Amino acid sequence: MEILFVIGRILFGGFFFLTGINHLTKSDGLIGYAAAMGVPLPRLAVLGSGVVLLLAGIGIVLGIYPSIALVLVLVFLLPVTFTMHRFWNHTDDTLKMNDQINFMKNMALIGATIMLLTLPLEWVYSVITL
């Protein structure tokens with residue numbers, strides 16, 4: 001079962017790591033979208049969240065302070081889910097569906113993150129635990 005947990009960590013943490021890379025390497029489009037959604041200081045928000053996602057992803061994959069890494073995931077997901085994916089505000093069916101899918105995906109990720117926070121922090125094959 002330990003190997004399944006490690007595989008899950010790689011998949012889960014890798015998602016956030018790659019999302020962080022995307023925030024930093026494809027920031028122009030994301031900054032424009034954030035600005036259109038009314039995010040204050042959109043450049044700082046996108047680049048800052050990219051760093052948060054990178055740190056969270058690395059922490060989860062390698063088991064470096066996993067509790068802090070998981071809190072970073074929540075710090076990103078909670079505000080983003082409710083500010084960037086407000087599907088209930090759309091009148092266009094395609095936009096509404098796209099944001100509803102992303103909203104529900106984020107809610108599932110929030111649930112998984114909360115569940116991981118309840119596990120003992122002595123994760124197998126971890127570098128540093130707290």
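Here the structure is a predicted model, which is why all the values come from computation and not from measurement. Values below: all heavy atoms of this structure, side chains included; hydrogens, waters and symmetry mates excluded.
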Exercise for the section: For the pair Phe103 and Phe82, name the ring-plane relationship: parallel under 30°, tilted 30 to 60°, perpendicular over 60°. Expected result: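 Perpendicular, since the angle between the ring planes exceeds 60°.
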
Practice task
Say whether Leu44 and Met84 are linked into one hydrophobic cluster, either directly or through other cluster members, by side-chain heavy-atom distances under 4.5 angstrom.
Solution key: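 Per the 4.5 Å side-chain linkage, Leu44 and Met84 are not co-clustered.
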
Practice task
Decide if atom CE of Met37 counts as having more than 12 heavy atoms of other residues, nucleotides or ligands within a radius under 6.0 Å.
Solution key: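 Yes, the 6.0 Å shell around CE holds more than 12 heavy atoms from other groups.
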
Problem - Neighbour count above 12 (heavy atom, 6.0 Å) for Lys26 NZ - result: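 No, NZ of Lys26 has 12 or fewer neighbouring heavy atoms, counting only those of other groups under 6.0 Å.
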
Heavy-atom closest pair, residues [X] and [Y]:
X     : Y      : result
Asp92 : Leu95  : OD2-N, 2.8 Å
Arg43 : Asp28  : NH1-OD1, 4.5 Å
Pro42 : Val39  : CD-O, 3.4 Å
Arg9  : Ser126 : NH1-OG, 3.8 Å

Distance, nearest 0.5 Å, that separates [atom1] of [X] from [atom2] of [Y]:
X     : Y      : atom1 : atom2 : result
Lys96 : Trp88  : NZ    : CH2   : 10.5 Å
Phe87 : Asp93  : CZ    : CG    : 13.0 Å
Leu74 : Leu117 : CG    : CG    : 6.0 Å
Ser67 : Leu116 : OG    : CG    : 11.5 Å
Leu77 : Ser49  : CG    : OG    : 10.5 Å

Beyond-backbone contact of [X] with [Y], side-chain heavy atoms, under 4.5 angstrom:
X      : Y      : value
Met107 : Thr81  : yes
Leu54  : Ile21  : yes
Glu2   : Tyr125 : yes
Val61  : Phe17  : no
Leu24  : Leu53  : no
Asp99  : Arg86  : no
Pro66  : Ile60  : no
Leu109 : Phe12  : yes

